[in-house]
Student: 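The structure under discussion is supplied below as structure tokens; questions concerning it will follow.
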Amino acid sequence: QVQLVESGGGSVQAGGSLRLSCAASGDTDSNNCMGWFRQAAGKEREGVAVISTDDNSTYYADSVKGRFTISQDNAKSTVYLQMNSLKPEDTAMYYCGADLFLSGICSVEAEDFGDWGQGTQVTVSS
């Protein structure tokens with residue numbers, strides 16, 4: 001099993017930027033996909049961006065394309081989410097998820113991920 005610890009959340013004004021980090025430890029070789037998901041108050045957890053740790057393929061939700069960038073530092077077992085041009089609707093608790101997909105194709109659905117961090121809050125004010 002892998003342990004995930006998120007950091008980097010905070011409060012910003014609309015148009016601002018934040019960078020989230022997710023540090024993985026433990027059996028990191030047991031996963032080949034890591035991603036960022038978010039859950040706003042009263043809503044279900046949704047996929048934001050996912051990256052394959054095998055080939056660096058990335059997947060983004062339509063709502064964040066062109067504004068968010070997911071990347072990884074394999075040496076540090078860390079995944080990042082650079083968030084630019086933030087909007088009030090980006091306000092949510094952001095979670096890091098990880099899992100193994102035998103097909104090699106990462107899912108973007110939160111329900112398909114089994115390992116989770118504790119989350120970090122992002123608040124964007126207008």
Side-chain angles (χ1 to χ4, degrees):
Q1 197 168 9
V2 64
Q3 291 76 47
L4 304 171
V5 179
E6 303 99 330
S7 61
S11 297
V12 296
Q13 290 191 328
S17 299
L18 283 173
R19 189 175 85 149
L20 306 183
S21 298
C22 173
S25 61
D27 190 10
T28 57
D29 289 339
S30 65
N31 299 296
N32 62 353
C33 293
M34 293 184 68
W36 288 96
F37 301 79
R38 66 188 181 187
Q39 188 166 15
K43 295 188 176 182
E44 294 186 352
R45 192 171 298 188
E46 63 175 0
V48 174
V50 176
I51 189 166
S52 165
T53 59
D54 288 341
D55 62 13
N56 227 34
S57 299
T58 56
Y59 312 85
Y60 294 94
D62 288 342
S63 59
V64 306
K65 283 180 180 177
R67 300 188 298 123
F68 291 9
T69 302
I70 189 170
S71 61
Q72 63 181 333
D73 182 335
N74 287 335
K76 297 181 179 179
S77 297
T78 301
V79 173
Y80 305 96
L81 185 69
Q82 178 66 43
M83 305 186 295
N84 298 328
S85 302
L86 282 161
K87 304 175 181 180
E89 50 263 45
D90 294 319
T91 295
M93 184 72 79
Y94 282 70
Y95 296 91
C96 179
D99 214 311
L100 174 67
F101 294 89
L102 297 178
S103 68
I105 300 174
C106 298
S107 170
V108 296
E109 301 295 331
E111 62 188 14
D112 294 331
F113 283 73
D115 294 320
W116 293 97
Q118 81 290 350
T120 185
Q121 178 68 37
V122 171
T123 303
V124 184
S125 58
S126 57

Student: Any chance you could measure Ser11, atom OG, to Leu18, atom CG, to the nearest 0.5 Å?
Tutor: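 Here the interatomic distance stands at 8.5 Å.
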Student: For Glu44, what residues pass the side chain to side chain contact (heavy atoms under 4.5 Å, CB included) criterion, not counting sequence neighbours?
Tutor: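 If we apply the side chain to side chain contact (heavy atoms under 4.5 Å, CB included) test to Glu44, skipping adjacent residues, there are no hits.
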Student: Inspect the surroundings of CD in Gln13 and state if more than 12 heavy atoms from other residues, nucleotides or ligands are less than 6.0 Å away.
Tutor: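 Not buried by this count: 12 neighbours or fewer within 6.0 Å.
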Student: Is any side-chain heavy atom of Met83 less than 4.5 Å from a side-chain heavy atom of Val12?
Tutor: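 Heavy-atom side-chain distance check fails, nothing below 4.5 Å.
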Student: Please report the shortest heavy-atom distance between Gly119 and Glu6, naming the atom on each side.
Tutor: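 Taking Gly119 first and Glu6 second, the nearest heavy atoms are N-OE1, 2.9 Å.
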Student: Search all heavy atoms of Val2 against all heavy atoms of Ala98 and return the closest pair with its distance.
Tutor: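 Looks like CG1-CB, 4.2 Å.
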Student: Can you give me every donor-acceptor pair (side chain of residues 19-30, partner residue at least two apart or in another chain, under 3.5 Å) with its distance?
Tutor:
| unit_1 | atom_1 | unit_2 | atom_2 | d |
| --- | --- | --- | --- | --- |
| Ser30 | OG | Asp27 | O | 2.6 |

Student: First locate atom CG of Asn32, then atom CG of Leu100, and finally report the distance between them rounded to the nearest 0.5 Å.
Tutor: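 Here the rounded value is 4.5 Å.
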Student: Identify, with sequence neighbours excluded, every residue that meets side chain to side chain donor-acceptor pair (under 3.5 Å) alongside Ser52.
Tutor: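 Scan of Ser52 (side chain to side chain donor-acceptor pair (under 3.5 Å), adjacent residues dropped) gives Asp55.
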Student: Between CD1 of Ile105 and SG of Cys33, what distance do you get to the nearest 0.5 Å?
Tutor: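 Here the rounded value is 9.5 Å.
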Student: Which residue pairs pass the side-chain hydrogen bond (donor to acceptor under 3.5 Å, both in side chains) test when at least one of the two sits in residues 93-108, sequence neighbours left out?
Tutor: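 Every side-chain hydrogen bond (donor to acceptor under 3.5 Å, both in side chains) pair that includes a residue of residues 93-108, provided the two are not neighbours, is Arg38-Tyr94, Ser107-Asp112.
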Student: To the nearest 0.5 Å, what is the distance between CD on Glu111 and CZ on Arg45?
Tutor: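 CZ of Arg45 is found 12.0 Å from CD of Glu111.
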Student: Report the distance from atom CD of Gln3 to atom SG of Cys96, rounding to the nearest 0.5 Å.
Tutor: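 Those atoms lie 12.0 Å apart.
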Student: Hydrophobic clustering (ILVMFWY, side-chain heavy atoms < 4.5 Å, transitive) - are Val64 and Val50 grouped together?
Tutor: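 Cluster IDs for Val50 and Val64 differ.
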Student: Can you name the residues that form a salt bridge (charged side-chain N to carboxylate O under 4.0 Å, His left out) with Asp62, not counting sequence neighbours?
Tutor: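 Asp62 satisfies salt bridge (charged side-chain N to carboxylate O under 4.0 Å, His left out) with Lys65 only.
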Student: Are the side chains of Gln1 and Asp115 in touch, meaning some heavy atoms are under 4.5 Å apart?
Tutor: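 Gln1 reaches Asp115 side chain to side chain.
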Student: May I have all residue pairs that pass ring pair (Phe, Tyr, Trp, His ring centres under 6.0 Å) and include part of residues 106-126, sequence neighbours excluded?
Tutor: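 Residue pairs with at least one partner in residues 106-126: Phe37-Phe113, Phe37-Trp116, Phe101-Phe113.
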Student: Before giving the answer on side-chain contact (heavy atoms from CB on, under 4.5 Å), spell out for Thr91 and Gln121 the whole-Å C-alpha distance, their side-chain angles and the decisive distance to 0.1 Å.
Tutor: CA-CA 8 Å; Thr91 295; Gln121 178 68 37; 4.1 Å; yes
Student: If you compare all heavy atoms of Asn31 against all heavy atoms of Thr53, which two are closest, and at what distance to 0.1 Å?
Tutor: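 Answer, listing the atom of Asn31 first, then Thr53: O-OG1, 3.6 Å.
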Student: Looking only at heavy atoms, what is the nearest atom pair of Ala92 and Ala40, with distance?
Tutor: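 Nearest pair, atom of Ala92 first, then Ala40: CB-N, 3.8 Å.
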Student: For the pair Thr69 and Tyr60, evaluate side-chain contact (heavy atoms from CB on, under 4.5 Å) and give the outcome as yes or no after the intermediate values.
Tutor: CA-CA 8 Å; Thr69 302; Tyr60 294 94; 3.8 Å; yes
Student: If I compare all heavy atoms of Asn56 with all of Gln72, which pair ends up nearest, and what's the gap?
Tutor: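 Minimum heavy-atom contact is OD1-NE2, 2.6 Å.
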Student: What is the minimum heavy-atom distance between Gly47 and Ala61, and which atoms define it?
Tutor: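 Where Gly47 meets Ala61 most closely, the heavy atoms are O-CB, 3.4 Å.
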Student: Rounded to the nearest 0.5 Å, what's the gap from OG on Ser71 to CD1 on Ile51? Could you check?
Tutor: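 Output value for this atom pair is 6.5 Å.
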